[in-house]
Amino acid sequence: MSAAQSNLSIQDEISAAILQVLRDAQSQLNCEIPTSLTLDRPKNRDHGDYATSIALALAKASGLSPRKIAEIIEAGLKAREDIAAVEIAGPGFVNITLAKSSQGGVIANILSAGKTFGHGNKLTGIAINLEFISANPTGPLHLGHTRWAAVGDALGRVLSAAGAKVTREFYINDRGVQMDKFGASLQAAALGQPRPEDGYHGAYIDDLATEIVSINPDILKLTGEEQVFAFRDLGYRLQLAQQQGVLEKFGTHFEVWFSEKSLYDNNFFAHCQEVLKAKGHVFELDGAIWLRTTDFGDDKDRVMVKSDGSMAYFASDSAYYISKRERGFDICIYMLGADHHGYTGRLKALAACNGDDPEYNVDVLIGQMVKIMEGGEEVKLSKRAGTIITLEELVEKVGVDAARYTLIRYPVDTPMVMDVDILRSRTNENPVYYVQYAHARICGVLRNAADIGIKYGAELIYPELLVHERERELIGALGEFPRTVAGAAELREPHRVARYVEELAGVYHRFYSDCRVLPLGDETPSELHSARATLCSATAQVIANGLELLGVSAPEKM
RNA sequence: GCGCCUGUAGCUCAGUCGGAUAGAGCAACCGCCUUCUAAGCGGUAGGCCGCAGGUUCGAUUCCUGCCAGGCGCACCA
């Protein structure tokens, strides 16, 4: 049975086979057999296509020498047709070289799966709430938000590819003192008065105030609080619409825009308080209502309702979490800025107070700061002062693809520096071009193939002809895509997809320079030309699928 | 004081359950375009993987301590 028919990748088949061999040898090994193992791709190609160190790992428990265990594996795999050679190396590594013909399975899989190649079922049936950005609707989205706009969206795509049912959600902080300060700042700007000291000072406030007055001139006739509220509410609507528009253009789409204010509609908060109370972790002290999060490892208990009767921010956090769970989400992912990392403990404790498993139901990702350099100097960020780099400005400077790609290709827990000058340059200092160029290059080759009548496709794989070292590397790299996507989903690390796609692009470029795809001059078209063109089309598919997961375009021409 | 994150090549950074000779791009130097996109490819050079212990057959990876940098520790939002 071929890999395509079984819908299992060749690695999966072989690792399953090794596990079976080990289980069959249970009596000799006399130790617990692991339920899964992954085959590594050795860096050194003398070590075959795949390698495992399982024999070394089991040596101690079984009391057998690693080499002895390796020999058992070798003997058990020998009969397989899809394996050309099994070698035992060093202290007990098992190196496996695939049969040429079996390598074709990867290409067949890619061509038959098309856009869904790389998708898996690791998270099938799991409903995930993915909350990110969640900016105050009091100003434009800045660079920190932009990192999440790119990474959060990509993570959503990756989780979906792994089978999860993903809902991207933007939590709108539309109540509380920040909103009131926003209203007061807009009012002051419209009336030509000095802004409140602790208000918003960016230049956008003037523009927004002007826009509000032109939409609703009567607002100037209002007085006092009524006028502040009118500015606040209209300003909120305009600013939210502005954020939504910018995000759509950025390719980041939210299924749900969740209003914090709505948590207090229809007594929802009271309901949440009851839910938590019933679980036994709510108490009163000094006239305030608390959640005893210290029962579950938080460093202090948290106030929900203050002694003056107003709602603490944590009241919203609690109600919002309850809402997510009651809406049926199994896993709630929070993507927060580094300045909010202190939230992790209380969010996990909150889940525990609700009777959930904080390690499973809550997943907090902390994103470190983004700095931006331009002209060799750091552009300082200060939202209040208004000298900010916004998402829009960044996109104007470097374009959506470069912005998204660069933000995604680093793990979020490392601080990153974006150099605008580099991102503007169209060289391979700029990895997004390197990858996109590989895709465009392949598309060019395939256009030419069509022009001169070289056929390619699933029935023209000819794996036994693809014996060149570069071809082997390329096929091997293509086969890694599904595992990369699954790992990225499981670890919540979409940057792995970006790194993978860079690696794949590099392997392709090397293949391209060493292996002529199309006939040269008056050379007669052969099966090898078709085989290589087919390999090219599979590669283009995988690069496109990878870029799709990042929300970055895969151009056919550059 | 407590907590989270980070420390890998001159620079920017990869390196999932511990594996074989630690990688990429840039910067430096040397090569490759009369035929598929040179936005590309090949080569040279560049490393106490922060420091010190520990666990292990084996540690950049896990544990402890220390040093350095960033961030946070409200009845603020």
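Order of the sequence lines fixes the chain letters, A, B, ..., with proteins taken first and strands second; residue numbering starts at 1 for each chain. Worth saying up front: this structure is predicted, and the values here are computed from it rather than measured.
Nucleotides B:U8 and B:C13 are separated by 9 Å at their C1' atoms, to the nearest Å. For the C1' atoms, the distance linking B:A28 with B:C71 amounts to 37 Å, nearest Å. Between B:G15 and B:C49, the two C1' atoms lie 11 Å apart (nearest whole Å). For the C1' atoms, the distance linking B:G69 with B:A74 amounts to 26 Å, nearest Å. Annotation: B:C76 and B:C17 have their P atoms spaced 43 Å apart (nearest Å). B:A77 and B:C26 have their C1' atoms separated by 42 Å, given to the nearest Å. With P as the reference atom, B:A39 and B:U21 are 38 Å apart, rounded to whole Å. One P atom belongs to B:G1, the other to B:G58, and the distance between them is 37 Å to the nearest Å.
Nucleic acid contact class of A:Met416 (heavy atoms, under 4.0 Å, all strands): sugar-phosphate only. Counting any heavy atom pair closer than 4.0 Å across all strands shown, A:Pro411 reaches sugar-phosphate atoms only and no base atom. Across all strands, A:Asp286 comes closer than 4.0 Å to base atoms (heavy-atom distances). Among the protein residues, A:Gly90 comes within range of no part of the nucleic acid, since none of its heavy atoms lies under 4.0 Å from any strand. If you check every strand for non-hydrogen atoms under 4.0 Å, A:Ala89 touches a base. Using a 4.0 Å heavy-atom criterion, one finds that A:Arg409 contacts no nucleic acid atom at all.
In terms of polar N and O atoms assigned as donor or acceptor, the side chain of A:His341 comes within less than 3.5 Å of the base of B:G3 in a complementary pairing. For A:Tyr343 against B:A77, a side-chain-to-base donor-acceptor contact under 3.5 Å is present. Judged by distance alone, with hydrogens and angles left aside, A:Asn95 brings a side-chain donor or acceptor within reach of the base of B:A20, the pair sitting under 3.5 Å. Side-chain atoms of A:Ser307 come within donor-acceptor range of the base of B:C75, with a qualifying N/O pair under 3.5 Å.
The distance from atom CG of A:Asp40 to atom C1' of B:U61 is 14 Å, rounded to the nearest whole Å. Regarding A:Leu491, its CG atom lies at a distance of 13 Å from the C1' atom of B:G15, rounded to whole Å. With rounding to whole Å, A:Leu37 atom CG is found 14 Å from B:G19 atom P. Atoms NZ (A:Lys371) and C1' (B:U6) sit 12 Å apart, rounded to a whole Å. Computed from coordinates, the A:Tyr500 OH to B:G25 P distance equals 18 Å when rounded to whole Å. The interatomic distance linking A:Arg346 (CZ) with B:C75 (P) rounds to 10 Å, in whole Å. At whole-Å resolution of the value, CZ in A:Arg496 and C1' in B:U16 are 5 Å apart. A:His509 has its NE2 atom 13 Å from the C1' atom of B:G25, to the nearest Å.
Nucleotide B:A20 forms a pair with no other nucleotide shown, judged by Watson-Crick or G-U wobble geometry with both contacts under 3.5 Å. Pair assignment for B:G46: none, as no Watson-Crick or G-U wobble contacts are both less than 3.5 Å. Pair check for B:G7 finds B:C67; Watson-Crick or G-U wobble, both atom distances under 3.5 Å.
The shortest distance between the side-chain N/O atoms of A:Tyr171 and the OP1/OP2 oxygens of B:A77 is not below 4.0 Å. Regarding contacts with the backbone of B:A77, a side-chain N or O of A:Lys306 is found under 4.0 angstrom from either OP1 or OP2. OP1 or OP2 of B:G42 has at least one side-chain nitrogen or oxygen of A:Arg510 nearer than 4.0 Å.
In this structure, A:Tyr437 does not count as stacked on the base of B:U37 under the 5.5 Å centre distance and 30° plane angle limits. Ring-base stacking between A:His47 and B:A20 is satisfied, the centre separation being under 5.5 Å and the plane angle under 30°. In this structure, A:Phe93 packs face-to-face on the six-membered ring of B:A20, meeting both the 5.5 Å centre cutoff and the 30° plane limit.
The six-membered or imidazole ring of A:His468 lies away from that of A:Phe511, with a centre-to-centre distance of 6.0 Å or more. Here A:His340 and A:Tyr334 keep their ring centres 6.0 angstrom or further from each other.
Where A:Ser310 and A:His495 meet RNA chain B, the nucleotide closest to each residue was compared, and A:His495 sits on the side nearer the 5' end. The residue among A:Leu520 and A:Ala312 whose nearest nucleotide of RNA chain B lies closer to the 5′ end is A:Leu520.
A cation-pi arrangement, defined by a distance under 6.0 Å to the six-membered ring centre and an angle within 45 degrees of its axis, is present between A:Arg499 and A:Tyr410.
With its glycosidic angle more than 90° from 0, B:C41 adopts the anti conformation.
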Show every donor-acceptor pair shorter than 3.5 Å between a side-chain atom in residues 517-525 of chain A and any protein atom, with sequence neighbours excluded, or say none if there are none.
from     : atom 1 : to       : atom 2 : distance (Å)
A:Glu523 : OE1    : A:Leu520 : N      : 2.7
A:Glu523 : OE2    : A:His529 : NE2    : 3.3

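Each salt bridge (charged side-chain N to carboxylate O under 4.0 Å, His left out) pair with one or both residues in residues 434-451 of chain A, not counting sequence neighbours, would appear here, but there are none.
No more than 12 heavy-atom neighbours from other residues, nucleotides or ligands sit within 6.0 angstrom of CD on A:Glu556.
Looking only at distances, no side-chain donor or acceptor of A:Ser310 sits under 3.5 Å from a matching main-chain atom of A:Lys306.
The aromatic rings of A:Phe269 and A:Tyr264 are tilted relative to each other, their planes meeting at an angle between 30° and 60°.
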